[in-house]
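Every chain is numbered from 1, with letters handed out A, B, ... down the list of sequences.
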2 protein chains.
Amino acid sequence: MTTLGIGQLAKRAGVGIDTVRYYERDGLLSPATRLESGYRRYGDAELKRLHFIRRAKALGFSLEDIRGLLALSEERDVATVKQVAESKLVDIEQRIAELERIRSGLHTLIAACPGHGRAEDCPILNALTGQERV
Amino acid sequence: MTTLGIGQLAKRAGVGIDTVRYYERDGLLSPATRLESGYRRYGDAELKRLHFIRRAKALGFSLEDIRGLLALSEERDVATVKQVAESKLVDIEQRIAELERIRSGLHTLIAACPGHGRAEDCPILNALTGQERV
DNA sequence: CTTGACTCTGGACCTGGGTCCATACTGCAG
DNA sequence: CTGCAGTATGGACCCAGGTCCAGAGTCAAG
């Protein structure tokens with residue numbers, strides 16, 4: 001069984017050493033054991049767990065969410081895992097919708113702006129100063 | 001001419017008093033004048049400016065961006081205003097694309113998860129623990 | 001004049017997710 | 001054995017955009 005120091009672990013997972021310690025403070029990842037000296041030692045399980053954390057973050061989960069997912073995956077509670085994923089999906093769809101709204105407003109303003117001439121004729125400035133509705 | 005105290009100004013713009021003072025510290029909005037006592041007094045121009053700030057924030061501009069827009073609007077530089085708006089649009093489109101990517105990954109996983117049964121058969125957990133690609 | 005609401009200042013604190021630092025100790029190669 | 005890279009700890013600091021607080025002063029209605 002491979003056993004890794006914090007530096008190797010961090011490198012393999014593509015994160016910083018401080019990040020690993022931060023996750024530990026945050027209750028997400030503990031070393032398998034410690035040497036007499038206090039040096040942290042990690043095994044395969046910890047490396048997998050760290051990969052899990054990274055992947056989940058890449059999917060838009062917060063560390064808080066991930067703490068929950070890790071607990072669930074230990075409970076092997078598939079139904080709840082699916083529910084959590086579904087509510088995260090809803091969350092992400094709402095964020096997209098909000099950005100779409102903003103995108104559309106900006107797009108309209110830009111399309112209507114000639115890009116030269118008097119400030120009074122710039123719909124972007126007018127919208128921002130409240131002369132017209134966005 | 002109406003002249004407003006900080007409380008009235010904040011109320012009319014729908015922000016907190018502390019926010020107004022924060023914007024002042026941040027160089028976005030100064031009172032038109034001050035009383036002998038030091039009390040801030042705002043006129044119509046400041047109210048409009050505060051509305052501008054809020055609208056711009058709602059369109060996804062940072063306070064930093066807004067400082068720039070305010071400077072431009074004072075210079076009446078329409079071409080540059082349009083360019084700033086365009087680059088903000090690109091920025092927002094990138095954020096949307098990133099979220100779309102996440103949404104799609106999550107959607108695929110959820111669709112493939114039966115919602116019951118063994119943890120080994122849950123694609124969400126498998127994806128997170130690295131048994132399969134997302 | 002009193003009272004209560006409002007405002008002043010400077011600074012601390014908050015969220016999330018880290019990152020950096022000083023100082024001291026440890027592990028390993030040569 | 002020496003030297004240097006790696007690691008330990010606790011705490012400060014970073015970003016943005018506020019929010020809250022204490023203690024003191026002020027304004028306006030009654």
Side-chain angles (χ1 to χ4, degrees), chain A residues 2-42 46 49-70 88 91-92 95 98 102, chain B residues 2-42 46 49-50 52-70 88 91-92 95 98-99 102:
Chain A
T2 13
T3 156
L4 303 167
I6 192 169
Q8 285 110 53
L9 180 80
K11 199 166 193 176
R12 291 222 198 168
V15 303
I17 287 180
D18 282 330
T19 303
V20 175
R21 285 196 277 246
Y22 174 75
Y23 287 167
E24 182 174 343
R25 278 204 291 289
D26 214 43
L28 291 173
L29 180 71
S30 297
T33 137
R34 297 237 188 181
L35 300 183
E36 289 276 305
S37 60
Y39 278 32
R40 294 163 176 84
R41 285 278 123 187
Y42 301 90
E46 286 72 37
R49 195 173 170 104
L50 185 48
H51 277 304
F52 182 110
I53 294 169
R54 290 272 107 190
R55 283 167 208 271
K57 261 198 68 63
L59 283 177
F61 292 89
S62 70
L63 295 188
E64 176 80 22
D65 291 334
I66 295 170
R67 217 194 328 278
L69 284 173
L70 285 166
K88 178 52 64 175
D91 182 49
I92 284 169
R95 283 202 263 162
E98 169 70 6
I102 291 168
Chain B
T2 11
T3 157
L4 303 168
I6 193 170
Q8 284 111 53
L9 180 81
K11 198 165 192 177
R12 290 222 199 169
V15 304
I17 287 180
D18 282 330
T19 302
V20 175
R21 284 196 279 246
Y22 174 75
Y23 288 167
E24 183 174 342
R25 278 205 290 288
D26 214 41
L28 291 174
L29 180 72
S30 298
T33 142
R34 296 237 189 183
L35 300 183
E36 290 275 307
S37 59
Y39 277 32
R40 293 163 177 84
R41 286 277 122 185
Y42 301 90
E46 287 72 35
R49 194 173 172 103
L50 185 47
F52 183 112
I53 295 168
R54 289 273 109 191
R55 283 167 208 271
K57 262 198 68 64
L59 282 176
F61 291 89
S62 69
L63 295 188
E64 176 82 23
D65 292 333
I66 294 170
R67 216 193 331 275
L69 282 174
L70 286 166
K88 177 54 62 177
D91 182 49
I92 284 169
R95 284 201 262 160
E98 170 69 8
L99 284 173
I102 291 167

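Looking at residues two or more places apart in sequence or on another chain, you find no salt bridge (charged side-chain N to carboxylate O under 4.0 Å, His left out) involving B/R54. Annotation: salt bridge (charged side-chain N to carboxylate O under 4.0 Å, His left out) contacts of B/R40 (sequence neighbours excluded): B/E24.
Straight-line distance from the CD atom of B/E36 to the P atom of C/dC8: 15 Å, rounded to whole Å. Rounded to whole angstrom, the span from the CD atom of A/Q8 across to the P atom of C/dG27 amounts to 14 Å. If you measure from atom OH of B/Y39 to atom P of C/dA5, you get 14 Å, rounded to the nearest angstrom. For the pair A/L35 CG and C/dC25 P, the computed distance is 17 Å after rounding to whole Å.
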Using distance only, find each side-chain donor-acceptor pair of residues 63-70 of chain A under 3.5 Å and give its atom names and separation, not counting sequence neighbours.
unit_1: A/E64; atom_1: OE1; unit_2: A/R67; atom_2: NH2; d: 3.1
unit_1: A/D65; atom_1: OD2; unit_2: A/S62; atom_2: N; d: 3.0
unit_1: A/D65; atom_1: OD2; unit_2: A/S62; atom_2: OG; d: 3.2
unit_1: A/D65; atom_1: OD2; unit_2: A/K88; atom_2: NZ; d: 2.9
unit_1: A/R67; atom_1: NH1; unit_2: A/D26; atom_2: O; d: 2.4

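For B/R49 (side chain) and B/L28 (main-chain N/O), a donor-acceptor pair under 3.5 Å exists by modelled atom type.
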Study note, to complete from the structure: Reading nucleotides 12-23 of chain C from 5' to 3' and marking B where a protein heavy atom lies under 4.0 Å of the base, S where only the sugar-phosphate is that close, and - otherwise, the string is -----BBBB---

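For the pair B/T19/B/I53, no side-chain contact is recorded, criterion being any heavy-atom separation below 4.5 Å from C-beta on. Taking the side chain as every heavy atom from C-beta outward, B/L50 and B/Y42 never approach each other to under 4.5 Å. Counting heavy atoms from C-beta outward, A/L59 and A/R55 have side chains that stay 4.5 Å or more apart.
At C/dG27, one or more side-chain N or O atoms of A/S37 fall inside 4.0 Å of OP1 or OP2 (strictly under the cut-off).
Contacts classified as salt bridge (charged side-chain N to carboxylate O under 4.0 Å, His left out) and involving residues 2-19 of chain A (residues at least two apart or in different chains) are given here: A/D18-A/R21.
The outermost nucleotides of DNA chain D lying under 4.0 Å from heavy atoms of chain A, listed 5' to 3', are D/dG6 to D/dT9.
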